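What follows is a short report on a single structure.
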Amino acid sequence: MSTSLSTPLSTPLSTSRRVRGFTLIEIMVVITIIAVIASFAVPRILGRSDDARRKAAGIEITTIKRALQMYYLDNSNYPTTEQGLQALVSKPTLAPIPNNWKAGGYVEKINPDPWGNPYQYVKPGLGGSPFEIFSYGADGKPGGEGNDEDITSSKL
């Protein structure tokens, strides 16, 4: 007396084991919760992008400043305003031509600031410093406040 426990492949699942989908109301509640969370999080994240750009500009200015100091150690002078920051990439052709310019340069290239504008360089700098490197900030114009404020090597 053997009984077979086999079930046919085509039998539907019992109602207690049936998989049910999400209702439209449940989906709308989840989307609403996500939207509320995003409304608080997104402004905080977006507000940080300007801070990050300002910090990145400060880091790049510090890197350029160090390259200028290496240039000075090799050549006993900083590049002139006319020679500019390009003197760190390729040997200047304008006087005074450095005698001990490092083959390969002091930096590979001078990137634009985080807003896409070139970094500015003047010799002598402000307040008796030998040079000044600066970015005009978000507006790309001298002066400004907040995100538009200039970022300078003398204030880092």
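Model, not experiment: these values are computed from the prediction. Start at 1 with the first residue, then count along the sequence. Side chains are part of it too, since the values below use all heavy atoms of this structure and drop only hydrogens, waters and symmetry mates.
If you chain together hydrophobic residues whose side chains sit under 4.5 Å apart, V36 and M28 never meet in one group. F22 is connected to I31 through a chain of hydrophobic side-chain contacts under 4.5 Å among Ile, Leu, Val, Met, Phe, Trp and Tyr, so both are in one cluster.
Here I133 contributes atom CD1 and D113 contributes atom CG; the two are 13.0 Å apart, rounded to the nearest 0.5 Å. Here the CD1-OG1 distance, from I37 to T32, works out to 11.0 Å after rounding to the nearest 0.5 Å. Taking CZ of F131 as the start and CG of L126 as the end, the distance is 12.0 Å to the nearest 0.5 Å. The NZ atom of K123 sits 7.0 Å away from atom OG1 of T80, with the distance rounded to the nearest 0.5 Å.
For S76, there are no side-chain contact (heavy atoms from CB on, under 4.5 Å) partners, not counting sequence neighbours. For E26, the salt bridge (Lys or Arg N to Asp or Glu O under 4.0 Å) test picks out R20, with sequence neighbours left out. With sequence neighbours excluded, the residues satisfying ring pair (Phe, Tyr, Trp, His ring centres under 6.0 Å) with Y136 are F134.
More than 12 heavy atoms of other shown residues, nucleotides or ligands fall within 6.0 angstrom of atom NZ in K91.
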Side-chain donor-acceptor contacts of residues 139-149 below 3.5 Å, not counting sequence neighbours, with atom names and distances?
unit_1, atom_1, unit_2, atom_2, d
D139, OD1, K141, N, 3.1
N147, ND2, D50, OD2, 2.9
D148, OD1, D139, N, 3.3

Under 3.5 Å, which donor-acceptor pairs link side chains of residues 114-121 to any protein atom two or more places apart or in another chain?
unit_1, atom_1, unit_2, atom_2, d
Q120, NE2, P118, O, 3.1
Y121, OH, P79, O, 2.5

All N/O donor-acceptor pairs, side-chain side in residues 59-73, below 3.5 Å, sequence neighbours left out:
unit_1, atom_1, unit_2, atom_2, d
T62, OG1, G58, O, 2.9
T63, OG1, I59, O, 3.0

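Heavy-atom minimum distance, L156 versus T152: CG-O, 3.3 Å. The shortest non-hydrogen separation linking Y78 to P130 is CE1-CB, 3.4 Å. Closest approach of V89 and K109 over heavy atoms only: CG2-CA, 3.8 Å.
Using a 4.5 Å cut-off on side-chain heavy atoms (C-beta onward), S135 and D150 make no contact.
Judged by distance alone, the side chain of N75 and the main-chain N or O of W101 form a donor-acceptor pair under 3.5 Å.
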TODO: Start with the C-alpha distance between N100 and K102, add both sets of side-chain angles, then the distance that settles side chain to side chain contact (heavy atoms under 4.5 Å, CB included), and finish with yes or no.
DONE: CA-CA 6 Å; N100 296 319; K102 178 180 155 190; over 6 Å; no
